[in-house]
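Here is the structure we will look at.
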Amino acid sequence: MSDKKNEFEGLESLDRRQVIGRRIVWHEETESTNDDARRAAEAGEPEGLVVIADLQTAGRGRMSRTWTSPPGQDILFSVLLRPDAADLPKMPLIAGLAVARTLDAFTDEPITLKWPNDVRAANRKISGSLVESGSSETGYFAVIGTGVNVNMDASGHPEISHIATSLRTLTGESVSRREVMRKLLFEMDRIYSSPERMDTLVSDWSARLETIGQEIDVRWGGEFIHGVAEGVDETGRLLLRDGSGELRLLEAGEVTTQLTGQ
Ligand code: BTN
């Protein structure tokens with residue numbers, strides 16, 4: 001057993017949150033926090049569980065990509081939620097908006113969102129989320145898995161150095177993972193636990209979307225679509241005008257995007 005310290009100890013009882021982070025489990029190392037949260041969900045765990053890891057040995061990104069982060073430098077966590085079925089499509093939006101609001105408190109750099117759920121600063125990605133859902137005996141569940149680059153030095157990772165940044169890179173200073181996590185749990189809970197905030201979630205989130213008005217390439221299942229992003233609907237689906245002039249409605253979970261020319 002390593003005697004590595006849990007930097008997140010005691011966050012459960014802070015800030016009068018209602019749901020998210022009622023129970024927090026920290027691993028020095030795990031395969032993927034999304035898998036840990038899913039297993040807990042299938043075993044009947046109530047919503048609000050947060051699983052955090054200092055290192056993932058099989059961290060996953062969207063579209064079967066891997067998620068790389070050096071040990072103990074960034075934030076890697078998953079939240080288990082049991083929303084009403086009607087709110088399931090909004091789950092991918094919660095993390096993006098909460099991360100953006102959190103990062104606002106740590107840097108002056110404008111924080112934007114790239115559809116469906118990349119968080120960006122200085123033209124680079126600083127956070128991403130992978131939302132997975134399922135059902136257990138107690139009903140539907142969603143696992144929101146999020147990675148936030150806090151202290152990593154992307155320049156030391158050639159495979160992502162040209163596309164990624166971190167809070168430390170933006171500010172020039174090492175940043176407390178505990179303080180970022182604390183604020184992040186607060187912001188996620190503030191959105192999820194209040195009906196009014198769930199109602200304004202899509203409009204607050206879309207106000208930060210840099211994708212609207214841009215020409216993008218989208219992989220939709222096996223199909224590649226080129227078009228102009230015209231907006232999002234009331235559940236966060238992208239309205240994409242394709243080359244033939246048809247308006248397509250794309251769900252966040254299914255696609256990967258690239259700005260044309262990037
Ligand atoms: C993406 O941008 O492609 C999504 C990245 C999601 C990474 C996080 S890190 C914590 C959680 N566990 C995982 O295996 N993936 C998510």
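Whatever order the structure lists them in is the order used to number ligands and atoms, beginning at 1.
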Test item: [X] side-chain N/O and [Y] main-chain N/O as donor-acceptor pair under 3.5 Å:
X: T30; Y: T33; result: no
X: S129; Y: N117; result: no
X: R197; Y: D189; result: no
X: R101; Y: K183; result: no
X: R241; Y: G245; result: yes

Ligand-side contact atoms (ligand 1) for residue partner [X], heavy atom cut-off under 4.0 Å:
X: S32; result: 12 (N), 13 (C), 14 (O)
X: G128; result: 2 (O), 4 (C), 5 (C), 6 (C)
X: G61; result: 1 (C), 3 (O), 4 (C), 5 (C)
X: G59; result: 14 (O)
X: G145; result: 6 (C), 8 (C), 11 (C), 16 (C)

request  = From atom 11 (C) of ligand 1, work out which of N117, V143, T33 has a heavy atom at the shortest distance.
outcome  =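 Going through N117, V143, T33 one by one, T33 has the nearest heavy atom to atom 11 (C) of ligand 1.
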note = Note: heavy atom closest to atom 8 (C) of ligand 1, options I75, V119, T146, V148, belongs to T146
key: Heavy-atom pair with the smallest gap, counting every atom of L185 and I24   =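 Looks like CD1-CD1, 3.9 Å.
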remark   = In terms of heavy-atom contacts, E12 and R17 come closest through O-NH2, 3.4 Å
Got the closest protein heavy atom to [atom], with its distance?
atom: atom 3 (O) of ligand 1; value: R62 N, 2.7 Å
atom: atom 5 (C) of ligand 1; value: W67 CE3, 3.3 Å
atom: atom 6 (C) of ligand 1; value: R60 O, 3.5 Å
atom: atom 12 (N) of ligand 1; value: Q56 OE1, 2.8 Å

Backbone, side chain, both or neither: what part of [X] comes under 4.0 angstrom of ligand 1, heavy atoms only?
X: R65; answer: neither
X: D35; answer: neither
X: S129; answer: backbone

ask   = For residues T112 and E210, is any side-chain donor paired with an opposing acceptor at under 3.5 Å?
value = yes
request  = Before signing off on this row, confirm whether K125 and ligand 1 have an N or O atom pair separated by under 3.5 Å.
outcome  = yes
request  = Decide, yes or no, whether a salt bridge links D54 with R177 under the criterion of side-chain N to carboxylate O below 4.0 Å.
outcome  =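 So D54 pairs with R177 through a salt bridge.
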message = Tell me whether E42 is salt-bridged to R39, with the criterion being a basic N under 4.0 Å from an acidic carboxylate O.
response =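 Answer for the salt bridge query: no.
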